[in-house]
Undergrad: 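Please read through the structure below; I'll follow up with questions.
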Number of protein chains: 2
Amino acid sequence: MNNPFSTNAVEPDISLSICGYSKVLDIISNKWTALVIYAMEDGIIRYSDIRRRIEGISKKMLTQTLRQLERDGLVQREITPSVPPIVEYSLTPLGVSLLEPMRALNQWTSKNYVWVEKARASYDQVDQTE
Amino acid sequence: MNNPFSTNAVEPDISLSICGYSKVLDIISNKWTALVIYAMEDGIIRYSDIRRRIEGISKKMLTQTLRQLERDGLVQREITPSVPPIVEYSLTPLGVSLLEPMRALNQWTSKNYVWVEKARASYDQVDQTE
DNA sequence: CCGTATCCAGTATGATACTG
DNA sequence: CAGTATCATACTGGATACGG
């Protein structure tokens, strides 16, 4: 391939640490991450309101997800030290910049997910007849 | 809270099964999936050539990843029953349609990943001084 | 209100050896 | 060449209880 005298010499040219696909996915592909980002799309929101909006998320997982996003620079955390405290979260400009490619994914789902479901049903059908 | 006179009544409106972000990510966010798709971007490719191109992937994980993609209708598998057999993989039209949003993610990485790394370094720095 | 700490179960991945 | 089978391990996520 990359040597004119060989027909099938192939060197590894794809790796986890280099592929741009993998690097973003590493950031956004934890179970709750996409949902938490989605909850912040409209602007500043309190911890407990995120928790109320997302069905089934525990405090532990919400906190953990927010901390990772904060560490990656995608989310900002603002504390008002009243009693009880008010903690508000929002996307940083870097976080906002991620919305565009994520919306592209979302649109793909709207248009095409029905075909994925059909493919799965068909594949599983064939599987059972064997 | 859950009464009509409260100012901050919030019902869950985000869930794993409905959010479009989460549904695509479920398809493409396994460890090797993005890399395998990446290896097929240029067209038909043999099993062993994918394996040679992707650094560190085992036969087990490659097969498992390809089977999932096939089940989801994103990849087609073509067998030539010679001895030894030739098995070729390629993206289906549905699989090809995913390339566009994935490339958007890739471009985001090219432009912005450096900021993620800086944010992480800064966050971890602060962490240690505590 | 906004978390942390602990422990535990389920899943994802990996190493290795074998096969048509 | 293109897989499968088996076993081991690591990581993720959930339940529960407690704290400033």
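Just so you know, these numbers use all the heavy atoms, side chains as well, and skip hydrogens, waters and symmetry mates. Values in this document were obtained by computation on a predicted structure and should not be read as measured data. Chain naming here is simple, since letters A, B, ... match the order of the sequence lines and numbering starts at 1 in each.
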Undergrad: Would you kindly give the CD-to-P distance between Glu88(B) and dA2(D), to the nearest whole Å?
TA: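 These atoms are roughly 9 Å apart.
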Undergrad: In whole angstrom, what separates Glu55(B)'s CD from dG14(C)'s P?
TA: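 In whole Å, dG14(C) P lies 13 Å from Glu55(B) CD.
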Undergrad: Is Arg51(B) touching bases, backbone alone, or none of the nucleic acid, heavy atoms closer than 4.0 Å?
TA: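 Result for Arg51(B) = nothing.
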Undergrad: To the nearest Å, how far apart are Asn30(B) CG and dC11(D) P?
TA: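 So the CG-P distance, Asn30(B) to dC11(D), works out to 17 Å.
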Undergrad: Examine the base of dG3(D) for any acceptor or donor lying under 3.5 Å from a partner atom in the side chain of Lys59(B), and report the outcome as yes or no.
TA: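 By the distance-only test, yes, there is a pair.
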Undergrad: Which residue, Pro84(A) or Met61(B), contacts DNA chain C at a nucleotide closer to its 5' end, judged by nearest heavy atom?
TA: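 Closest to the 5' end, via its nearest nucleotide, is Pro84(A).
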Undergrad: Please report, rounded to the nearest Å, how far the C1' atom of dA12(C) is from the CD atom of Gln68(B).
TA: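 Rounded to whole Å, this separation is 10 Å.
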Undergrad: Just checking Ser58(B): base, sugar-phosphate only, or nothing, at a heavy-atom cut-off of under 4.0 Å?
TA: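 If one applies the 4.0 Å heavy-atom cut-off, Ser58(B) turns out to touch nothing in the nucleic acid.
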Undergrad: Taking the nucleotide of DNA chain C with the closest heavy atom to each, which residue, Pro85(B) or Arg67(A), is nearer the 5' end?
TA: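 Looking at the nearest nucleotide for each, Arg67(A) comes out on the 5' side.
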Undergrad: Do you know the tightest heavy-atom contact between Ser22(A) and Leu16(A)?
TA: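 The pair with the smallest heavy-atom distance is CB-O, 3.8 Å.
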Undergrad: Reading DNA chain D from 5' onward, which residue's closest nucleotide shows up sooner: Thr63(B) or Arg46(B)?
TA: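 Counting from the 5' end, the first nearest nucleotide belongs to Arg46(B).
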Undergrad: Carefully, step by step, assess Asp26(A) and Lys23(A) under the rule salt bridge (charged side-chain N to carboxylate O under 4.0 Å, His left out).
TA: CA-CA 5 Å; Asp26(A) 239 31; Lys23(A) 293 203 286 191; over 6 Å; no
Undergrad: Figure out the NZ/P separation between Lys60(B) and dT13(C), and round it to whole Å.
TA: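 Going from NZ in Lys60(B) over to P in dT13(C) covers 9 Å.
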Undergrad: Send over the distance from Gln64(B) CD to dA2(D) P, rounded to a whole Å.
TA: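 After rounding, the reported distance stands at 18 Å.
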Undergrad: Rounded to whole Å, please give me the gap between CD in Glu70(A) and P in dC2(C).
TA: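 My rounded result for the distance is 15 Å.
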Undergrad: In terms of the angle between their ring planes, are Tyr47(B) and Tyr89(B) parallel, tilted or perpendicular, with boundaries placed at 30° and 60°?
TA: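 Ring orientation, 0 to 90° scale: tilted.
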Undergrad: Asp26(B) has an atom CG; how far is it from atom P of dT11(C), in whole Å?
TA: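 Between P of dT11(C) and CG of Asp26(B): 13 Å.
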